[in-house]
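Here the structure is laid out as structure tokens; the discussion comes afterwards.
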Amino acid sequence: MASEKVETIVAGNYLEMEREEGDSKSTKSRLSALFWHGGSVYDAWFSCASNQVAQVLLTLPYSFSQLGMLSGILFQLFYGLMGWFEVLDGLLGKHWRNVGLLFNCTFLLFGSVIQLIACASNIYYINDNFDKRTWTYIFGACCATTVFIPSFHNYRIWSFLGLMMTSYTSWYLTIASFIHGQVEGVKHSGPTKMVLYFTGATNILYTFGGHAVTVEIMHAMWKPQKFKLIYLAATLYVLTLTLPSASAVYWAFGDMLLNHSNAFSLLPRSGYRDTAVILMLIHQFITFGFACTPLYFVWEKFVGVHDTKSVCKRALTRLPVVIPIWFLAIIFPFFGPINSTVGSLLVSFTVYIIPALAHMITFSSPSSRENAVERPPSFLGGWAGVYSMNAFVVGWVLVVGFGFGGWASMLNFIQQINTFGLFTKCYQCPRKA
């Protein structure tokens, strides 16, 4: 009976979303549905793939210089395929949902901060008339306009365009690096220090931390039962972007990347590079919206305006979410090192430890396994196989990701503060004559 009840609730949610699809087609114009209101499996795939990788494309070569070529490739494959975000609310109960929500919201807050820092870092390589801090002020105001976007349904065209933008940037980095060739006397020394090694590893851990918004993406789907397969396909596509670009840039510039966390800073200026910078700026704006939207929802529900029909009222309510993000981006403009810190302290729990641990505890008793809505596939070894995999994920990420990674990334972050200072005007900017 318990199993039937849970299945009825879950199936009811699915049916409700599917009815929403039919209702939207009857009440909205075809043009609006085409560009604005989406919830199909294709929309979900574009949203997942687009949100999974953004500015981190530009910092992965920096991580390769810390890790070395072989470790960089292996860590990408390992964390990309190991990342697993379970629907804690629907399957594992409200207590695990609340724990996951706490870490998710904190991660999304700093994820938004990173997108804002990346905007200032990138535009500087087109226009250095302003320092990076001034560009942060400007782009903070631009990103604040996301308060007017109601929900993930309304990201259809932006998700598609965002993925095209990251695809262009990835292949620009790859091709431009091969055309440029290796710099004279290039060295590939990594790994040389434990601190650098685990800092680079946690940046890759952060790369695949886009799982934190997957619950909202899944909720926007008309047929959410197809989500897991879609997310796997999105992750595999993302690997075709991250592996070639990071490998090619590291091959061309080697140890120079240790002092250049943004790959754009080493490639010569050209129309192709400027195009990539502009596309990444637009994509970072989109990703900022993706990261902030769940925070907007949580805040709206907290103050009791989530169900209001007034867009302006909801926008005004959302502003207190944007302002702290803007402020934090000005305090800590350390593009690259901040990714590793967020990866070790937040993504390690949000994406890996909490979901795996929750699954282990929730299905530890025979009765819970018998009444489970979803059963593990046989090719994974059933319940015993999944339990063993979860135990490995928890142990590995807790020791390597959070333990060693947290130690290394915090040391590196503190070093940036000591070297450049808080509120620094132009992080890693070349000295002007």
Side-chain angles (χ1 to χ4, degrees), residues 6 10 48 51-52 56 75 78-114 198 201-219 224 227-228 231-232 234-235 290-291 293-295 297-298 301-302 339-365 368-369 372-374 376 380 383 385-407 409-410:
V6 173
V10 175
C48 290
N51 185 70
Q52 184 78 291
V56 78
F75 269 114
F78 180 64
Y79 284 129
L81 298 177
M82 188 175 71
W84 171 33
F85 191 94
E86 187 54 90
V87 187
L88 300 184
D89 181 21
L91 299 182
L92 302 185
K94 65 178 183 179
H95 298 299
W96 284 109
R97 176 203 62 187
N98 293 336
V99 174
L101 185 64
L102 174 64
F103 277 92
N104 282 355
C105 289
T106 309
F107 162 65
L108 291 171
L109 176 74
F110 282 96
S112 303
V113 171
I114 290 171
F198 286 108
T202 50
N203 186 39
I204 294 178
L205 185 81
Y206 168 80
T207 301
F208 296 95
H211 305 63
V213 295
T214 56
V215 173
E216 291 297 340
I217 294 173
M218 190 198 75
H219 182 264
F227 176 77
K228 289 185 178 181
Y231 203 88
L232 175 62
T235 300
F290 266 117
T293 298
L295 296 177
F297 289 169
V298 171
K301 291 175 182 178
F302 179 75
N339 297 26
S340 299
T341 306
V342 172
S344 62
L345 302 182
L346 295 174
V347 175
S348 57
F349 286 92
T350 299
V351 179
Y352 300 95
I353 295 175
I354 291 177
L357 189 62
H359 198 276
M360 291 171 65
I361 295 175
T362 301
F363 296 109
S364 59
S365 65
S368 62
R369 293 194 294 271
V373 176
E374 289 187 342
L380 291 179
W383 287 108
V386 169
Y387 190 91
S388 301
M389 290 174 58
N390 284 336
F392 172 78
V393 169
V394 172
W396 176 275
V397 178
L398 190 62
V399 174
V400 178
F402 175 71
F404 288 107
W407 162 74
S409 59
M410 284 303 298

For Phe110, the side chain to side chain contact (heavy atoms under 4.5 Å, CB included) test, sequence neighbours excluded, returns Thr106, Leu328, Val342, Leu346
Shortest non-hydrogen pair, Ser368 vs Ser364, comes out as OG-N, 3.8 Å
Applying side chain to side chain contact (heavy atoms under 4.5 Å, CB included) to Val298 and not counting sequence neighbours gives Leu101, Cys105
* To do: Using modelled atom types only, decide if a donor and an acceptor are shared between the side chain of Thr350 and the backbone of Val347 within a distance under 3.5 Å.
  => no
Notebook entry, point to check: If you draw a 6.0 Å radius around CE in Met360, do more than 12 non-hydrogen atoms from other residues or ligands fall strictly inside?
Noted result: yes
With sequence neighbours left out, the residues meeting ring-ring contact (aromatic ring centres under 6.0 Å, His included) with Trp383 are Phe363
Quick one: does any side-chain atom of Ser348 pair with a main-chain N or O of Phe402 as donor and acceptor, under 3.5 Å?
no
Next on the checklist: Run the side chain to side chain contact (heavy atoms under 4.5 Å, CB included) test on Phe392 and Tyr387 for me, step by step, so that the C-alpha distance in whole Å, both residues' side-chain angles and the decisive distance to 0.1 Å come before the verdict.
Outcome noted: CA-CA 9 Å; Phe392 172 78; Tyr387 190 91; over 6 Å; no
Rounded to the nearest 0.5 angstrom, the OG1-CZ distance for Thr207 and Phe75 is 12.0 Å
Practice task
Determine whether Tyr79 and Tyr206 make a side-chain contact, defined as any pair of heavy atoms from C-beta on separated by less than 4.5 Å.
Solution key: no
Taken to the nearest 0.5 Å, the spacing of Leu102 CG from Ile354 CD1 works out to 7.5 Å
Interatomic distance, CG@Asn390 vs CD1@Ile361, rounded to 0.5 Å, equals 10.5 Å
Applying side chain to side chain contact (heavy atoms under 4.5 Å, CB included) to Thr202 and not counting sequence neighbours gives Ser340, Ser344, Ser409
dist Leu108:CG -> Phe103:CZ (nearest 0.5 Å) comes out at 13.0 Å
Hits for side chain to side chain contact (heavy atoms under 4.5 Å, CB included) against Val393, two or more places apart or cross-chain, chain-then-number order -> Met82, Tyr352, Ala356, Val397
Residue set satisfying ring-ring contact (aromatic ring centres under 6.0 Å, His included) with Phe404, at least two apart, ordered chain then number -> Phe198
Heavy atoms of Leu357 and Val394 approach each other most closely as N-CG2, 3.9 Å
